[in-house]
Amino acid sequence: MTGPRRGAAPGVRLRDVTLDDADLLDAWNADPSASGAFNDFGGSAKLIDREALMRGPLRNERNGQLIVERVADGKPIGTVSWHAVGYGPNAESTAWNVGIALLPEARGHGHGTDAQALLAAYLFETTDGNRIEAQTDVDNIAEQRSLEKAGFVREGTARGAQFRAGAYHDLVTYSILRGET
Ligand SMILES: CC(C)(COP(=O)(O)OP(=O)(O)OC[C@H]1O[C@@H](n2cnc3c(N)ncnc32)[C@H](O)[C@@H]1OP(=O)(O)O)[C@@H](O)C(=O)NCCC(=O)NCCS
């Protein structure tokens, strides 16, 4: 679905979610270790909308999700997702806010870097968006490094922005602009 980024061939590819993935995604969503501590907001996970999946992939003009698949063995190892964020009343001021979760055993091999670089390329190719942003906890060093290696630029800190694990947390904001990939 997405082409290779500059440099080494990526170790992962991105593909649409299909109905065959529904059970797997439900299992991941029900397992806090699969999404990682920084994505654990408590509560029970919503089941995947199988009727929506029967109609087509999980993406529309406002948000979407893709499976991250390891090239070496074709195994699904996580997901990337995005949603629209408005910075003005006009369509041109819509940015994409992206997120990622890899299975614990797939972390630390550069796959998060590749997946986020591929997602940025995919969104620039398939939409008119000028800005792709990501926010992560100030303590999530792996995600910060991974974003930086994927070409995102650190912009600053959004103080007390996220309520998780019983407290408000500061988030670091990153972005990549069209033409910077
Ligand atoms: C965050 C995540 C996507 C990163 O992907 P990844 O494949 O594990 O990361 P990469 O291998 O591409 O790069 C990780 C980098 O961070 C570094 N790193 C990892 N853990 C670290 C830590 N605890 N302290 C310092 N550096 C760390 C690695 O050394 C590597 O940098 P390097 O190549 O310069 O050595 C992945 O770990 C994940 O899915 N985590 C759980 C979910 C999550 O936190 N998602 C983001 C929420 S906003």
Side-chain angles (χ1 to χ4, degrees), residues 1-5 10-86 91 94-129 131-137 140 142-143 146-147 150 161-166 169 171:
M1 158 168 277
T2 49
R5 70 193 170 94
V12 297
R13 57 185 167 244
L14 306 180
R15 66 157 174 85
D16 273 322
V17 180
T18 70
L19 196 53
D20 288 344
D21 299 309
D23 289 347
L24 184 65
L25 287 180
D26 281 343
W28 288 353
N29 291 340
D31 175 4
S33 75
S35 50
F38 293 109
N39 280 325
D40 186 2
F41 293 90
S44 49
K46 242 176 71 181
L47 290 179
I48 294 295
D49 185 345
R50 286 164 172 73
E51 282 184 17
L53 262 181
M54 276 184 236
R55 291 193 294 273
L58 291 186
R59 53 184 161 83
N60 58 35
E61 55 293 329
R62 303 293 300 167
N63 56 57
Q65 187 174 42
L66 298 172
I67 297 272
V68 180
E69 201 170 72
R70 193 159 50 204
V71 171
D73 57 5
K75 191 175 176 243
I77 57 165
T79 59
V80 288
S81 57
W82 64 94
H83 65 269
V85 177
T94 302
W96 299 115
N97 185 291
V98 299
I100 183 168
L102 300 181
L103 294 177
E105 64 267 24
R107 296 174 197 161
H109 302 284
H111 298 326
T113 301
D114 285 345
Q116 291 178 106
L118 287 170
L119 179 60
Y122 169 77
L123 290 172
F124 285 132
E125 269 165 38
T126 58
T127 76
D128 292 331
R131 170 186 167 87
I132 299 171
E133 63 181 30
Q135 287 184 309
T136 193
D137 196 288
N140 193 346
E143 173 63 347
S146 172
L147 284 166
Q162 187 170 89
F163 189 80
R164 183 179 48 75
H169 295 261
L171 299 179

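We're numbering straight along the sequence, starting at 1.
- The shortest heavy-atom contact between Leu118 and Arg13 is CD1-CA, 4.1 Å.
- Here the OG1 atom belonging to Thr94 is positioned 11.0 Å from the CD atom belonging to Glu61, to the nearest 0.5 angstrom.
- Rounding to the nearest 0.5 Å gives a distance of 6.0 Å between CG of Asn97 and CD of Gln135.
- Inspection of the Asn140 and Thr136 side chains reveals an N or O donor paired with an N or O acceptor under 3.5 Å.
- Nearest heavy atom pair, residue Ala22 against residue Ile48, reads O-CG1, 4.0 Å.
- The pair Arg50-Asp23 counts as a salt bridge, with a side-chain nitrogen and a carboxylate oxygen less than 4.0 angstrom apart.
- Looking only at distances, a side-chain donor or acceptor of His169 sits under 3.5 Å from a matching main-chain atom of Arg164.
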Q | Pair Leu53-Leu58, side chain to side chain contact (heavy atoms under 4.5 Å, CB included): steps then yes or no | A | CA-CA 6 Å; Leu53 262 181; Leu58 291 186; 3.7 Å; yes

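- Crowding of Asp128 atom CG: a count of heavy atoms from other residues, nucleotides or ligands under 6.0 Å not exceeding 12.
- Among all heavy-atom pairs drawn from Trp82 and Trp96, the shortest one is CD1-CE3, 3.5 Å.
- Here the closest heavy-atom approach between residue Arg107 and residue Ser35 is recorded as NH2-C, 4.0 Å.
- Between Leu119 and Leu14, some side-chain heavy-atom pair lies under the 4.5 Å cut-off.
- Between the CE atom of Met54 and the CG atom of Asp49 there is a distance of 9.0 Å, given to the nearest 0.5 Å.
- A donor-acceptor pair is defined here as one N or O able to donate and one able to accept, closer than 3.5 Å; such a pair exists between the side chain of Asn29 and the backbone of Leu25.
- Across every non-hydrogen atom of Leu102 and Gly112, the tightest pair is CD1-N, 3.5 Å.
- Rounding to the nearest 0.5 angstrom, the gap separating the OG1 atom in Thr127 from the CD1 atom in Ile132 is 6.5 Å.
- Environment of CD in Glu51: sparse, with no more than 12 heavy atoms of neighbouring residues, nucleotides or ligands closer than 6.0 Å.
- At a threshold of 4.5 Å between non-hydrogen side-chain atoms, the residues Glu143 and Ile100 count as touching.
- Side chain of Thr79 to main chain of Ile67: no donor-acceptor pair is present (N/O by atom type, distance under 3.5 Å, no hydrogens or angles).
- The backbone N or O of Gly11 sits less than 3.5 Å from a side-chain atom of Asp114, completing a donor-acceptor pair.
- For the residue pair Asn39 and Ala101, the shortest heavy atom distance occurs at ND2-CB, 3.9 Å.
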